[in-house]
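In what follows, every chain begins at residue 1, and chains take the letters A, B, ... in the order their sequences are listed.
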Amino acid sequence: MAENAWILGIHMTKFGKRPTDDVVDLASEAALGALKDAGVGMKDIQVLAAGNLRGGGGLAQALQKQIGQTGIPAFNVANACATGATALRVAIMAIKAGEADFGLAVGAEKLSGVGLLTGNTARAEGDEWTPAGRFGAVTGLDGRTGTETMPGVFAQVGMEYGHKYGGASFELFAKIAEKNHAHSTLNPLAAYQKRFTLDQIMNDVMIAYPNTRSMCSANCDGGAAAVVVSEAKLRTLSLEQQRRAIKVSASVLTSDPWQAACQVLPDINTLTKAAANQAYEQAGLGPSDLDLVELHDCFATAELVHYDNLGLCETGGAADFCNSGATWRDGTTPVNVSGGLESKGHPISATGIANIWEVCHHLRGEAGDRQIEGARAGLAHVIGLGSACGVHILEKSAA
Amino acid sequence: MAEPVPMVDYLILDERPHLRATLCSDCGATYFDRRNACAHCGGTSFSHQDVPTQGTLISFSIVHHAAPGIPTPFVAGIVDCDGTAARGNIINTPPDPEHVTLGMKVRLATYSLGEKAGVEAIGYGFEPA
Ligand SMILES: [Zn+2]
């Protein structure tokens, strides 16, 4: 039996515009916050995993040079929007393998003012038609054979679900954004804390139908970090540390298995279903045992399909589930009570730890105004297009 | 004038322009890109298969904001061509949700990308059938 892992300390920085902080500042703030929360120091940490996508690489060592060069193994990870969850997964694997008692996972990103994440820029055109690349293309294909923009790709993901099962209207997708923006008003660390009406959301600037601007994840700066500890070590720590520690009941990372058409439109469903099923199996819990879920609402159109992928509703029933109000914070399955990526914000590499922080905050009973009362179990999910999917199930300490 | 060139190598410009998929000889998985091996079964033997030019629009997005230099709005679509899914813009119809709907029948259509060094390049999309 592999060693169990627990979250001993966790921290999320304020998300938003952080003009005077660089990536290392954000990572340091998150890491020092997590260490303080855990009641340990860098000298205790035996493995470090850090992720950042847009800062040029090597965040782990850059962070060590600010907060503690102790010579431990450092892993720099990159897995698109699942980078934070991947860093956490690396630290947890080291604990489970018995190679470390304490691990630190960090994710940080500078994304304020980046604008639309388009995937690429238009190809420079020469004086002749020259076939290039894996499609033998004589011109840039973005905009010619579909879209490389994230809002457009994820719009198609949601629309495909609508074609398959029906009920997925523009208004339905907008309702998801309405909920998440409303939830964010209770989260002081969210990049935006502004409520919008359904009309405002539907009449906002259209980015990629059916996703308007307020249905897209908010680009912002931020960091998040977690200290993980082995169960054996945890039992030697103070009663207060044991009381606040959160059990990692499941930690799963998947990539997408081959499916027909998965290379034509990214299939973010199969790998999420696989990750969720493995996670429920590991935890010995089912979707009905979850008191809250933080899922990857990079776009409103994505949140809808993940209700189904995570088994929160019946197969094909995501539209009805959404319309029932179940996913509001006073519903049966509160989803993204943090405000989600649409309003809390999406500093890509921090996201996969920030969602764990949100769940832990509730399980510890420390979530203040937005506390889900009596929360005992929660799930955090991220997707990095490409794809990678991280699912963690967390449980309150019985002690 | 020289023979026109296709926008991508899987667009075949014969009398009846069509898409041509790369077919795994072992498992039948289809691809449009240059292959190293089959991502489904690992096979390394491939043949070609003509893709039907008629299909059903199974997903789309009307893209209003794209990378600099890419004209908007345009409709990015996924078309089920009798079992083979293909990407393509929905063309020759206004890019709005009144004219583009899930489940609509479409067919392959070609258009000129213009001329360079005396050679015309031909692109493709799907138009309402
Ligand atoms: Zn094959």
Side-chain angles (χ1 to χ4, degrees), chain A residues 115-116 118-131 133-149 151-164 166 168 170 205-213 216 257-265 301, chain B residues 4-11 27 29-35 38-41 56-80 83-89 95-97 100 102-103 113-117 119-125:
Chain A
L116 185 65
T118 51
N120 61 14
T121 50
R123 170 176 154 184
E125 302 287 352
D127 298 333
E128 291 181 19
W129 301 112
T130 310
R134 288 199 166 253
F135 297 106
V138 300
T139 184
L141 295 183
D142 189 8
R144 294 245 184 234
T145 57
T147 181
E148 301 297 327
T149 68
V153 169
F154 282 94
Q156 291 176 84
V157 165
M159 294 291 275
E160 182 192 38
Y161 188 89
H163 175 68
K164 211 166 166 187
F170 178 26
V205 177
M206 182 60 74
I207 306 294
Y209 178 91
N211 286 320
T212 64
R213 184 173 53 190
C216 297
W258 185 89
Q259 293 283 305
C262 71
Q263 297 192 6
V264 172
L265 176 67
T301 47
Chain B
V5 297
M7 174 170 71
V8 286
D9 58 17
Y10 62 86
L11 171 63
C27 77
T30 54
Y31 301 95
F32 289 105
D33 61 345
R34 176 166 57 78
R35 298 305 303 176
C38 175
H40 180 221
C41 77
T56 304
L57 184 64
I58 60 170
S59 185
F60 71 90
S61 175
I62 305 166
V63 180
H64 289 258
H65 285 260
I70 293 169
T72 56
F74 66 90
V75 183
I78 306 294
V79 177
D80 179 354
T84 302
R87 289 169 62 145
N89 288 6
D96 62 54
V100 180
L102 290 172
L113 292 172
E115 219 177 274
K116 283 185 185 178
V119 179
E120 186 183 26
I122 304 290
Y124 78 90

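When atom types are taken as modelled, the side chain of B/N89 and the backbone of A/G146 share a donor-acceptor pair closer than 3.5 angstrom.
The structure places CH2 of A/W129 at 9.5 Å from CD1 of B/I122, a figure rounded to the nearest 0.5 Å. Once rounded to the nearest 0.5 Å, the distance linking CZ of A/F154 with OG of B/S61 reads 12.0 Å. Once rounded to the nearest 0.5 Å, the distance linking CD1 of B/I70 with CD of A/E148 reads 8.5 Å. Of the inter-residue distances, the one linking A/M206 atom CE with B/I62 atom CD1 reads 7.5 Å to the nearest 0.5 angstrom.
Considering only heavy atoms from C-beta on, A/T149 stays 4.5 Å or farther from B/H65 through its side chain. Between A/Q263 and B/D33 there is a side-chain heavy-atom pair separated by less than 4.5 Å. Counting heavy atoms from C-beta on, the side chains of A/Y209 and B/V75 never come closer than 4.5 Å. Side-chain contact between B/P97 and A/F170 is absent, with no heavy-atom pair separated by less than 4.5 Å. The shortest side-chain heavy-atom distance between A/L141 and B/R87 does not fall under the 4.5 Å cut-off. Side-chain contact between B/K116 and A/V138 is absent, with no heavy-atom pair separated by less than 4.5 Å.
Residue A/V153 does not touch chain B at all, counting heavy-atom pairs closer than 4.5 Å. Proximity to chain B (any heavy atom under 4.5 Å) is shown, for A/A137, by both the backbone and the side chain. Only the backbone of B/L57 comes within contact range of chain A, judged by heavy atoms closer than 4.5 Å. Contacts between B/P95 and chain A at a heavy-atom distance below 4.5 Å are absent for every atom of the residue. Only the side chain of B/Y31 comes within contact range of chain A, judged by heavy atoms closer than 4.5 Å.
Comparing A/E160, A/K164, A/H163 by heavy-atom pairs within less than 4.5 Å of chain B, the highest count is held by A/H163. With chain A as partner, the option from B/P6, B/G88, B/A39 having the largest number of non-hydrogen pairs under 4.5 angstrom is B/A39.
The side chain to side chain contact (heavy atoms under 4.5 Å, CB included) search around B/A76 returns A/T147, A/Q156, B/V63, B/F74, not counting sequence neighbours.
Ring planes of A/F135 and B/Y10: perpendicular class, angle over 60° (limits at 30 and 60°).
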Practice prompt. Could you walk me through whether A/E128 and B/V119 pass side-chain contact (heavy atoms from CB on, under 4.5 Å), step by step?
Written response: CA-CA 8 Å; A/E128 291 181 19; B/V119 179; over 6 Å; no
